Amino acid sequence: MSKEIKRDLPILSLHVIMALTSLTARQIRYYEKKGLITYHRSKGNQRIFSLNDLDELVFIKEMLESGESIKNIQNYWHKHKNMQQNLTFKTISDQEAREIFRDEMMRDLEVGKNKLD
DNA sequence: ATTCTGACA
DNA sequence: TGTCAGGA
């Protein structure tokens with residue numbers, strides 16, 4: 001048996017995600033509608049979250065709190081997916097990708113601030 | 001008991 | 001974003 005945790009397994013309830021991220025149900029659903037993230041669904045159409053979803057939501061939350069726009073986060077996310085497709089020889093984890101893009105966005109934010117100064 | 005979607009006094 | 005309705 002693998003020692004790795006199955007981070008893709010959809011097992012967490014909305015209630016748990018709310019407690020873990022301090023986001024409201026409204027926000028968690030809104031980010032999905034805006035195309036920032038996709039969740040699994042139960043047979044009763046209820047959202048079921050994986051640990052990766054949890055990480056992604058925390059990532060989105062941090063970016064928004066940094067002043068990043070929804071559209072900007074979308075763009076970076078698309079770049080993330082394209083990068084994963086192109087990296088046939090090297091596998092990059094979702095966590096690593098988020099760190100890379102967080103740094104990238106933070107840098108862009110700094111550039112924007114300098115322009116405003 | 002919980003969550004879902006749509007809508008807005 | 002909050003919140004309420006009406007249904008699953």
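Remember, it's a predicted structure, so these values are computed and weren't measured experimentally. When reading the values below, keep in mind they use all heavy atoms of this one structure, side chains included, and skip hydrogens, waters and symmetry mates. Letters go in sequence order (proteins before strands), and every chain restarts at 1.
Between the CD atom of A:Q27 and the P atom of C:dT3 there is a distance of 12 Å, given to the nearest Å.
Nucleotide B:dT2 forms a Watson-Crick or G-U wobble pair with C:dA8, both donor-acceptor distances falling under 3.5 Å. Applying the Watson-Crick and G-U wobble criteria (two distances, each under 3.5 Å), C:dT1 pairs with nothing in any strand.
Salt-bridge check for A:R7 with A:D55: passed, with a basic side-chain N closer than 4.0 Å to an acidic carboxylate O.
A:M63 is not listed as a side-chain neighbour of A:N72, based on a closest heavy-atom distance of 4.5 Å or more. No side-chain heavy atom of A:I48 sits under 4.5 Å from any side-chain heavy atom of A:D53.
For the C1' atoms, the distance linking C:dG6 with B:dT2 amounts to 15 Å, nearest Å. Nucleotides C:dA5 and B:dT3 are separated by 14 Å at their C1' atoms, to the nearest Å.
Applying side-chain contact (heavy atoms from CB on, under 4.5 Å) to A:T21 and the options A:I60, A:V16, A:L54 leaves one that passes, A:L54.
Across all their heavy atoms, A:R47 and A:R41 have their closest contact at NH1-NH2, 3.0 Å. Considering all non-hydrogen atoms of both residues, A:M18 and A:I28 come closest at CG-CD1, 3.7 Å.
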Please encode protein proximity along nucleotides 3-9 of chain B as a string of B, S and -, counting only heavy-atom distances under 4.0 Å. SSB----

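Contacts of A:T24 with the nucleic acid, taken as non-hydrogen atoms under 4.0 Å apart, involve only primed sugar atoms and P, OP1 or OP2.
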